[in-house]
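I have a structure I would like to understand better, so I am pasting it below and will then ask my questions one at a time.
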Amino acid sequence: MSRATAARAVTDILQPRNVLLTGMLGIGWAAAGNWTGILWGLLGALCAGLVPAGYIEWERRRGTWGDRHVVDRTKRAPIFLVILASIGAGTLVMVLGRAPAGILVAMLALWAMTVVLLTVNTVWKISVDSAVAAAVVALLAVVHSPWWLAAGVLTAAVCWSRVALAYHTVAQTVAGAALGASTAAAFLTV
């Protein structure tokens, strides 16, 4: 398998939609302590990952972007606004439905991270894929078990793949990962 093929596989498998789907289910389950948390996690995954991914796909089909990566940072603002609205709506439903505190705080952390990503993106390209991967690892480590920090190797793989595919520089992926981990940890350790 060539380096490019491996990088493409890593970036496709560990894209934010997939990482959030898996991670939010785990966060919900850990936050609730039982199977009902999986439903809250599914709502979180829908709002934080699946709705934004659906929006990106819809715009891609319309010809707005060439693929899901939206490498031109100047075209990313609408995506961030959809993410903020979707996470905001999901958070409201969670508040009204009395969701477990851990999943609610995770949603707030993802919302805050997205605000920072949007702000940084206005002047510099930062890796959203790396931020999401690091945030989910940090969220799982705080809500579920510190052993989840070992999944940081997956964040490193995402960073590597984004650089190998020339979508980002090393600095952009490291900044994204640092932002994701620090935002998640800051919210959940308060």
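Values reported hereafter were calculated over all heavy atoms of this structure, with side chains retained and with hydrogens, waters and symmetry mates removed.
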Which value, rounded to the nearest 0.5 Å, describes the distance between N121 atom CG and I126 atom CD1?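 Rounded to the nearest 0.5 Å, the CG-CD1 separation comes to 8.5 Å.
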Within-4.5 Å side-chain heavy-atom neighbours: V128 and R76: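 Yes, close enough: below the 4.5 Å cut-off.
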Here the pair of heavy atoms bringing T183 nearest to A109 is CG2-O, 3.4 Å
Is it true that a side-chain atom of T173 and a backbone atom of V170 form a donor plus acceptor pair closer than 3.5 Å?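 A pair under 3.5 Å: yes.
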Report yes if the side chains of M113 and V116 come closer than 4.5 Å at any heavy-atom pair, otherwise no.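 M113 vs V116: side chains apart.
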Taking all non-hydrogen atoms of both residues into account, name the closest pair between L25 and G41 and its distance.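 In this case the closest contact between L25 and G41 is CD2-C, 4.0 Å.
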Measure the shortest side-chain to side-chain distance between L154 and L14 over non-hydrogen atoms and say whether it is less than 4.5 angstrom. yes
For the backbone of Q15 and the side chain of D129, can you confirm whether one donor and one acceptor N or O come within less than 3.5 Å of each other? no
Which heavy-atom pair separates C159 from S130 by the least distance, and what is that distance? SG-OG, 3.4 Å
If I take atom CD1 from residue I56 and atom CZ from residue R61, how far apart are they, to the nearest 0.5 angstrom?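 Rounded to the nearest 0.5 Å, the CD1-CZ separation comes out at 13.0 Å.
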Membership question, hydrophobic clusters at under 4.5 Å side-chain separation (ILVMFWY): are L84 and M94 in the same one?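 Yes; tracing contacts between hydrophobic side chains, which count when under 4.5 Å, links both residues.
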Side-chain heavy-atom pair M24, W40 within 4.5 angstrom cut-off: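 No; the side chains remain at least 4.5 Å from each other.
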Tell me if the CH2 atom of W35 is crowded by more than 12 foreign heavy atoms within 6.0 Å.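 No, CH2 of W35 has 12 or fewer neighbouring heavy atoms, counting only those of other groups under 6.0 Å.
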Could you tell me the separation between the OG atom of S127 and the NE2 atom of H168, rounded to the nearest 0.5 Å?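 The distance works out to 4.0 Å.
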Does the T91 side chain pair with the main chain of I87, one donor and one acceptor, at a distance under 3.5 Å?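 Yes, T91 side chain to I87 backbone: donor-acceptor pair under 3.5 Å.
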Do W147 and V143 share a hydrophobic cluster, counting only Ile, Leu, Val, Met, Phe, Trp and Tyr and linking them when any side-chain heavy atoms are less than 4.5 Å apart?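 No, because W147 and V143 fall into different hydrophobic clusters, even though each may have its own neighbours under 4.5 Å.
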Out of curiosity, L46 CG to S86 OG, how far, rounded to the nearest 0.5 Å? 6.5 Å
For C47 against G90, the heavy-atom pair lying closest together: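 Looking at all heavy atoms of both residues, the shortest contact is SG-CA, 3.5 Å.
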Are W111 and L81 linked, directly or through intermediate hydrophobic residues, by side-chain heavy-atom contacts shorter than 4.5 Å (ILVMFWY only)?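 L81 clusters together with W111.
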Let me confirm one number: the CD1-CH2 distance from I103 to W29, rounded to the nearest 0.5 Å.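 Taking CD1 in I103 and CH2 in W29, the distance rounds to 13.5 Å.
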Steps toward side chain to side chain contact (heavy atoms under 4.5 Å, CB included) verdict (T169, V163): CA-CA 6 Å; T169 65; V163 173; 5.9 Å; no
Shared hydrophobic cluster, W148 / L20 (ILVMFWY, side-chain heavy atoms < 4.5 Å):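 Yes; L20 is reachable from W148 via cluster members.
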Ignoring hydrogens and geometry, is there a side-chain-to-backbone donor-acceptor pair from K125 to Y167 under 3.5 Å? yes
Would you name the heavy atoms of L140 and G26 that are closest together and state the gap between them?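 Looking at all heavy atoms of both residues, the shortest contact is CD2-C, 3.9 Å.
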Do T11 and V158 have side-chain heavy atoms sitting under 4.5 Å apart? no
Give the ring-plane orientation class for W58 versus Y55, where under 30° counts as parallel, over 60° as perpendicular and anything between as tilted.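 Ring orientation, 0 to 90° scale: tilted.
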Quick check against the 3.5 Å criterion: does R17 have a side-chain atom that pairs as donor or acceptor with the backbone of G49?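 The answer is no, because no donor-acceptor pair under 3.5 Å joins these two groups.
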Is there a donor-acceptor pair closer than 3.5 Å between any side-chain N or O of N18 and the backbone N or O of D12? yes
Do M107 and V82 belong to the same hydrophobic cluster, where Ile, Leu, Val, Met, Phe, Trp and Tyr are linked whenever their side-chain heavy atoms lie under 4.5 Å apart, directly or via other members? yes
Shortest non-hydrogen contact between A138 and A185, atoms and distance: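 It is CB-N, 4.4 Å.
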Measure the CG-CD1 distance between L43 and I38 for me, rounded to the nearest 0.5 Å.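 That separation rounds to 14.0 Å.
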Any side-chain to backbone donor/acceptor pair from S182 onto L179? Under 3.5 Å, distance only. yes
Min side-chain heavy-atom separation W124-Q172 under 4.5 Å: yes
